[in-house]
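Counting convention: from 1, in listed order, for ligands and their atoms alike.
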Amino acid sequence: MKDLTELLEKNKAWAKSIKAQDPGFFQAIARQQTPHYLWIGCSDSRVPATQLVGLLPGELFVHRNVANVVVHTDFNCLSVLQFAVDILKVSHIIVCGHYDCGGVQAAMQNLQLGLIDNWLRHVQDVIVGHEAQLSQLSDEGQRLNRLCELNVIEQVLNVGRTTIVQNAWARDQELAVHGWIYSISDGLLRDLDMSITNTKELSAAYEDAIGPSD
Ligand code: ZN
C-alpha cells in the first residue's frame with residue numbers, strides 16, 4: 001500500500017510557504033477563529049470550498065456532504081449551523097452546489113449505490129417537487145444542471161426555515177443566506193439570485209429563483 005509520506009511532505013511545504021508570507025499567521029489563528037461565512041457545499045473533491053473563494057484558514061466555516069443537502073433532522077448539519085450562527089455569529093451562509101454533481105446525477109438516474117441512496121432520496125424529493133419544470137428540458141445534461149440549481153434553491157429554503165436562522169432573524173441578527181452554484185469546467189461561481197436576509201423575503205425569493213414554469 002502506498003504510504004502517505006507525500007501528503008505529509010506537501011503539508012510541510014504548505015505551512016512553510018504560509019509562514020514565509022506571514023510569520024505570525026498560525027499563532028494568530030490558533031487563539032480563535034472569527035470566520036464571517038458558513039459554507040454548506042458538496043463533498044466532491046473538485047469543489048474545495050476555502051480554496052475556490054480565495055480565503056485563508058480561519059476565514060470560512062465549512063460543512064460539506066454529498067449533494068449539499070440540508071435536512072431538518074440532520075444533527076450534524078444543524079450543529080454546524082447553530083454553532084456558526086449563535087456562537088461564531090457569521091454574517092453570511094452560502095449554500096453552494098455544483099454542476100455535474102455525481103450525487104444529484106445518481107438521484108436523477110435512480111441509481112442504487114448503497115446506503116447513500118437513502119441520503120439522495122432528499123434530492124429525489126426535489127425532482128418530484130419540480131417535475132413539470134424538469135420535464136420541459138429534453139437534454140439530459142441540461143436537466144441535470146437545472147436539478148443541481150433547484151437542489152441549491154431548495155436547500156437555501158431549508159436553511160431559512162430552520163429555527164436557528166428564524167430565531168437569529170427574529171432577534172435582528174445580521175444574517176444573509178445565499179444560493180450559489182459552481183462550475184467545475186471553468187472554476188467559476190454563479191449567484192442563483194436567492195439571497196435572503198429576513199423571514200419575510202423567504203417565500204418571494206424562493207418563487208423568483210424557481211421561475212415561472214413550476
Ligand atoms: Zn456534488
(message) Please enumerate all residues that pass side chain to side chain contact (heavy atoms under 4.5 Å, CB included) together with Gln33, with sequence neighbours excluded.
(response) Pro35, Phe61, Phe83, Leu88
(request) Using 2.8 Å as the cut-off, note every protein N, O or S atom close to the Zn ion (ligand 1). (result) Cys42 SG, His98 NE2, Cys101 SG
(request) Would you check if Ile153 and Tyr206 make a side-chain contact, meaning some heavy-atom pair closer than 4.5 Å? (result) yes
(request) Mind checking the NE2-OG spacing from His36 to Ser91? Nearest 0.5 Å is all I need. (result) 6.5 Å
(request) Can you tell me which residue pairs pass the ring-ring contact (aromatic ring centres under 6.0 Å, His included) test with a partner in residues 110-129, sequence neighbours excluded? (result) Trp119-His122
(message) For a 4.5 angstrom cut-off between non-hydrogen side-chain atoms, does Arg146 reach Arg143?
(response) no
Show me the donor-acceptor pairs, under 3.5 Å and distance only, between side chains in residues 92-107 and residues at least two apart or in other chains.
{"from": "His92", "atom 1": "ND1", "to": "His178", "atom 2": "NE2", "distance (Å)": "2.8"}
{"from": "Tyr99", "atom 1": "OH", "to": "Glu149", "atom 2": "OE2", "distance (Å)": "2.5"}
{"from": "Tyr99", "atom 1": "OH", "to": "Arg190", "atom 2": "NH1", "distance (Å)": "2.6"}

